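Beneath this line is the structure, given in structure tokens, with notes to follow.
Fair warning: this is a prediction, and the values are worked out from it, not measured in the lab. Values reported hereafter were calculated over all heavy atoms of this structure, with side chains retained and with hydrogens, waters and symmetry mates removed.
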Amino acid sequence: MENQYNPRQLIAAYYKFVHGREKADAIRYAIQQADLNNDIPYMIYFRQEFCHEAIWYADKIDIYTVFPELLSLIDRYPDKRPASSRHSDIMEDILYIYGIVALDSSEYYQIPLEECEKFLNDYKKRFIRAGHSASLPYRYMASFYTTTGDTANAARCFDNFMKCQPDNDRCPGCLTNSKIHYYLFNNMKEYADMFAAKIEDGTIRCNGGENNSFSLLRLKVNYIKYYIIHGDYENAAACADIIRHKDSLEKQFNVWHFIMCAYVYSNPGRGMRIYKKYWQEWENERSPYDKFYSYMCAACFFKVLDNQKDKDTVRINAGSSFPLYNGGNTYKISSLMEYYYKGAEEIAKKFDQRNRTSKFMDELKMAFANAR
């Protein structure tokens with residue numbers, strides 16, 4: 001009787017874990033058990049649970065195997081009710097996950113471009129079919145093509161987004177930050193600054209009205225990357241100061257590499273402390289998009305240190321997992337610079353090949369050239 005299938009016990013079992021890899025693995029086990037027992041409501045529910053865990057706390061790439069299974073179940077069994085009230089409006093939850101799946105497919109060069117575009121187009125059809133405006137799908141499409149460097153499709157989708165009336169429940173702060181992201185990528189900084197001012201003075205706020213921290217943080221993340229790529233380290237450091245004081249929100253954006261790089265002129269010691277704390281996390285990063293920017297920032301950081309010529313080496317007390325481990329804890333700054341540049345270059349080429357653009361290599365070359 002101990003091994004008898006009991007979905008409630010499976011839920012209790014994975015809720016014993018804190019958020020992260022172990023909890024995701026426990027939910028995956030629950031999926032397997034529901035599948036073995038052909039329990040359709042829980043086959044759906046456990047996949048929803050897994051997607052939410054992977055999106056926020058585990059490895060996001062795992063949703064690209066689980067979510068298509070979830071979507072297939074929803075299509076095959078449209079009349080099945082969700083197994084739990086936690087996801088009572090099942091289609092709204094599916095569309096929420098699908099939006100993230102479609103948008104963030106830009107961040108994994110392992111996913112073919114054709115599959116990414118299939119996600120985006122199918123998401124748009126389902127979103128409109130559910131009675132919503134096309135504003136959000138076009139906003140996601142514009143962001144996707146901006147990230148990949150497809151300027152023509154980005155402009156087309158951004159134009160469609162601007163023409164659409166957004167749904168009433170869409171966050172004004174997120175809408176505005178999407179515009180800022182697009183304008184900064186296209187070097188239309190005067191337009192970005194115009195919208196940024198409205199977030200900074202509180203004219204435009206997050207949904208809820210009282211707390212504008214999320215929109216302001218996202219704004220500074222958009223700008224800190226722009227400033228580093230363009231070599232404006234004074235303004236990058238100012239952005240870093242603001243981001244660092246948003247401790248409760250920082251983990252949602254994974255931007256310590258930008259903060260490290262931003263301080264290379266004004267406070268290199270702080271930048272080095274950040275590097276020593278996070279290098280292993282960046283080394284183990286499963287998102288190639290995040291890893292590219294971590295490596296790009298590290299390459300720029302060590303280039304500036306190397307150019308300053310105060311010293312040729314740095315001490316890093318790290319074990320054998322350190323990428324340039326030599327047993328002595330002393331490393332040439334130039335070797336660190338070369339390691340991270342080559343790593344960023346390797347990732348950039350894979351993205352550009354997938355995207356059929358030169359965007360990632362262009363950003364890497366510009367950022368590196370502007371780190372003097």
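Annotation: Y138 is not in aromatic contact with F161 [ring centroid separation under 6.0 Å not met]. Side-chain rings of F322 and Y339 stay apart, their centers remaining 6.0 Å or farther from each other. Aromatic pair H181/F185: centroids not less than 6.0 angstrom apart.
For the atom pair CG of D59 and CD of E285, the computed distance is 8.0 Å after rounding to the nearest 0.5 Å. A distance of 8.5 Å separates CD1 of I199 from CG of N222, quoted to the nearest 0.5 Å.
At distances below 3.5 Å, not a single donor-acceptor pair connects side-chain atoms of N329 with backbone N or O atoms of N317. Side chain of N6 to backbone of Q9: a donor-acceptor contact under 3.5 angstrom is found. The backbone N or O of F302 lies less than 3.5 Å from no partner atom in the side chain of D306, so there is not a single donor-acceptor pair.
Each of K350, K342, K349 was evaluated against E346; a single residue qualifies, K350, per the salt bridge (Lys or Arg N to Asp or Glu O under 4.0 Å) test.
Using cut-offs of 30° and 60° on the angle between ring planes, the pair F368 and Y341 is tilted. Ring geometry, Y293 versus Y289: the interplanar angle exceeds 60°, so the pair is classed perpendicular (tilted spans 30 to 60°). Ring geometry, F119 versus Y64: the interplanar angle falls from 30° to 60°, so the pair is classed tilted. Classification of the Y42-Y45 ring pair by plane angle, with boundaries at 30° and 60°, yields perpendicular.
Across all non-hydrogen atoms, the minimal contact from C116 to F144 is CB-CZ, 3.5 Å.
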Stepwise side chain to side chain contact (heavy atoms under 4.5 Å, CB included) check, T148 with K359: CA-CA 7 Å; T148 61; K359 186 252 193 183; over 6 Å; no
Evaluation steps, salt bridge (Lys or Arg N to Asp or Glu O under 4.0 Å), between K332 and D312: CA-CA 6 Å; K332 291 185 67 175; D312 296 328; over 6 Å; no
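In this model, a donor atom of one side chain and an acceptor atom of the other lie less than 3.5 Å apart for D241 and Y263.
Figure legend: K60 and Y108 shown without cation-pi pairing, the cationic atom not lying both under 6.0 angstrom from the six-membered ring centre and within 45 degrees of its axis.
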